[in-house]
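Read through the structure below, which is laid out as C-alpha cells, and then see the notes.
These numbers come from a predicted model, not from an experiment. First listed ligand is number 1; within each ligand, the first listed atom is number 1.
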Amino acid sequence: MEQKLREIASSFALEGRVTAIDSLGEGFINDTFIVRTEAGAPDYILQRKNQYVFPDVPAMMDNIRRVTEHIRRGVIAAGGDPRREVMTVVPAKDGRLYHIDGDGQYWAVSVFIDDTTAYNKADSPELARKGGEGIGKFQAQLADFTEPLAETIKGFHNIRHRFVQWDEALARDAAGRKKELAEEIGWIESRRTGMLDFWSKVEDGTIPTRVTHNDTKINNILFDKQGEVLCAIDLDTVMNSPSLNDFGDAIRSYANMGDEDDRDLSRVGISLEMFRAYTDGYLSQRAKQLTDAETDHLAFSARYITYEQVLRFLMDYIDGDTYYKIKYPDHNLVRTHAQYRLLQSMEGHYDQMCRIVAKTADKYRKA
Ligand code: GN1
Ligand code: MG
C-alpha cells in the first residue's frame, strides 16, 4: 500500500523528499493520509476522495481552490499568516487540482499545517466559544464571495430533497431492515411537516443563502496550541446554502454531552453551557451581519440539522450501509439512536436555547 501511495504522492508538486506516508483521521467519507517529508519541507495531507459521495471531484476541487484563494487574499490584507490561516491546495504536476490513479480513483493534496490540534470532542466551553468564533470568521471571510459555487452534493442540507431520497430508500428496502424499524421511521415521519415548513422559508428567500462550510463538526476545525482557531479544513462541502446549517451542525457536535454514536444514551443530550459558549463565539463575529430571520432560526437550525442527521444515518442503515464508513454491523443504527436522543433533548430545551440566542444577539448588536 505504501508503495502505491508514494507513487500517487509523486504525481503532485511536493517540496522535499517523501519519508513516510501514514493513515490519518476519523473522516466517515474520504481516506486520509499524512505524507511526511524531510526536514525543511512541509508535510502534506493526501486524500482519496470518495467518488460515490462526490460525483464531480474536479468541480469540488475548483470550489475549494476559489474559496481558499479568496480567504488567502483576505488573510494577507489583514496581515495574517496565509500558510496557517487558510488551507492550501497543492496541484498535481500536470496543473490539475487532483490526480486520477490507475483504478480511476481521485486523489488530492493540501499542505499539512503543523503545531496544531484537532479535537473530536469539545471538552470545555472555552473551546466551544473559540470554535464558534472560528466558523463566524470563516463565514465573514466569505461574505463578499459572490460567484456561485458548484453544488457538489445535490440537496445536501435540503430536507425536501432528503425526503425524496428517504421515500425511495423505504420503497427499495434494499437490506430488508424496514420491518424492524417502525419506531425509528415514526420519529422521522412525525416531524416531516415541521421540517418542510422551516425549509420553505429558505426556498421563498425569507432565509438567505450564503457561502457555507456545511460540515462544521469540531474535527473539521484546526486550533493552534494556544487554543485559537486557525482555519476550517475539510472544505469538500463548501457550497451555497443557509448560514444556519453551519451553526446547527456545529451545535450537534460541540454541545452534545455524549458521542455521536454513543451506546449509552444516558450520556447524550444538549449541554446548554456549551450551547451558550458556541453561540457567544459565533455571534461575536456575525450578530451584526445576520438578518432577523437568520437570528430567529439559529436555535431551530440545531434541531433541523440533528434531525437531518438522524434521517441520514437511518436511511443509510435501511440502504445497507452504503454511504458512511461503519466500524461494526449496526453502527448506523446506534448513530441513529444517539442522534435521536440528542434531538429530543434539544426539543426539550428549545425555549432556553431561543432565549440564549436572543440575549447573545442583543449583546453583540449593541456592542
Ligand atoms: C461526514 O466527512 P466527515 O466525517 O467530516 C458527512 C457529514 C456528516 C458527518 C457525520 C460529505 O463528515 O455530512 O454530518 O459525516 N460528510 C458528508 O458525522 O456527507
Ligand atoms: Mg472531516
Step-by-step ring-ring contact (aromatic ring centres under 6.0 Å, His included) determination, Y304 to F198: CA-CA 8 Å; Y304 177 81; F198 165 75; 4.7 Å; yes
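Geometrically, ligand 1 and E260 share a nitrogen or oxygen pair separated by less than 3.5 Å. Ligand 1 has an N or O atom lying under 3.5 Å from an N or O atom of Q309, backbone or side chain. Distances between N or O atoms of R312 and those of ligand 1 include at least one value under 3.5 Å. Geometrically, ligand 1 and F54 share no nitrogen or oxygen pair separated by less than 3.5 Å. At under 3.5 Å, a nitrogen or oxygen of D215, whether backbone or side chain, sits near a nitrogen or oxygen of ligand 1.
The ligand atoms of ligand 1 that sit less than 4.0 angstrom from a heavy atom of Y323 are 11 (C), 17 (C), 19 (O). For ligand 1, the atoms closer than 4.0 angstrom to any heavy atom of T237 are 11 (C). Residue-ligand proximity, G27 to ligand 1, at heavy-atom distances under 4.0 Å covers atoms 4 (O). Each of the following atoms of ligand 1 lies closer than 4.0 Å to a heavy atom of K217: 3 (P), 4 (O), 5 (O), 9 (C), 10 (C), 12 (O), 15 (O), 18 (O). Counting the atoms of ligand 1 from 1 in the order shown, those under 4.0 Å from a heavy atom of I29 are 1 (C), 2 (O), 16 (N), 17 (C), 19 (O).
Side-chain contact check for S243 and E294: at least one donor-acceptor pair (N or O, by modelled atom type) lies under 3.5 Å.
Put simply, the side chain of Q51 gets close to the backbone of G104: a donor and an acceptor are under 3.5 Å apart. Between the D246 side chain and the N214 main chain, a donor and an acceptor come within less than 3.5 Å of each other.
For Y106 and H99, the ring centers sit 6.0 Å or farther from each other. Ring-centre distance between Y44 and F112: not below the 6.0 Å cut-off. With ring centers used as reference points, W187 lies under 6.0 Å from H337.
In this structure, I21 and A9 approach most closely via the heavy-atom pair CD1-CB, 4.2 Å.
Distances shorter than 4.0 angstrom do not occur between any heavy atom of R335 and any atom of ligand 1.
At a heavy-atom cutoff of 4.0 Å, ligand 1 is contacted by the side chain of N220 but not by its backbone. Only the side chain of R252 comes within 4.0 Å of ligand 1, counting heavy atoms alone; its backbone N, CA, C and O stay farther away. Only the side chain of D234 comes within 4.0 Å of ligand 1, judged by heavy-atom distances.
Judged by the 6.0 Å distance and 45° axis criteria, R335 is positioned over the aromatic ring of F28.
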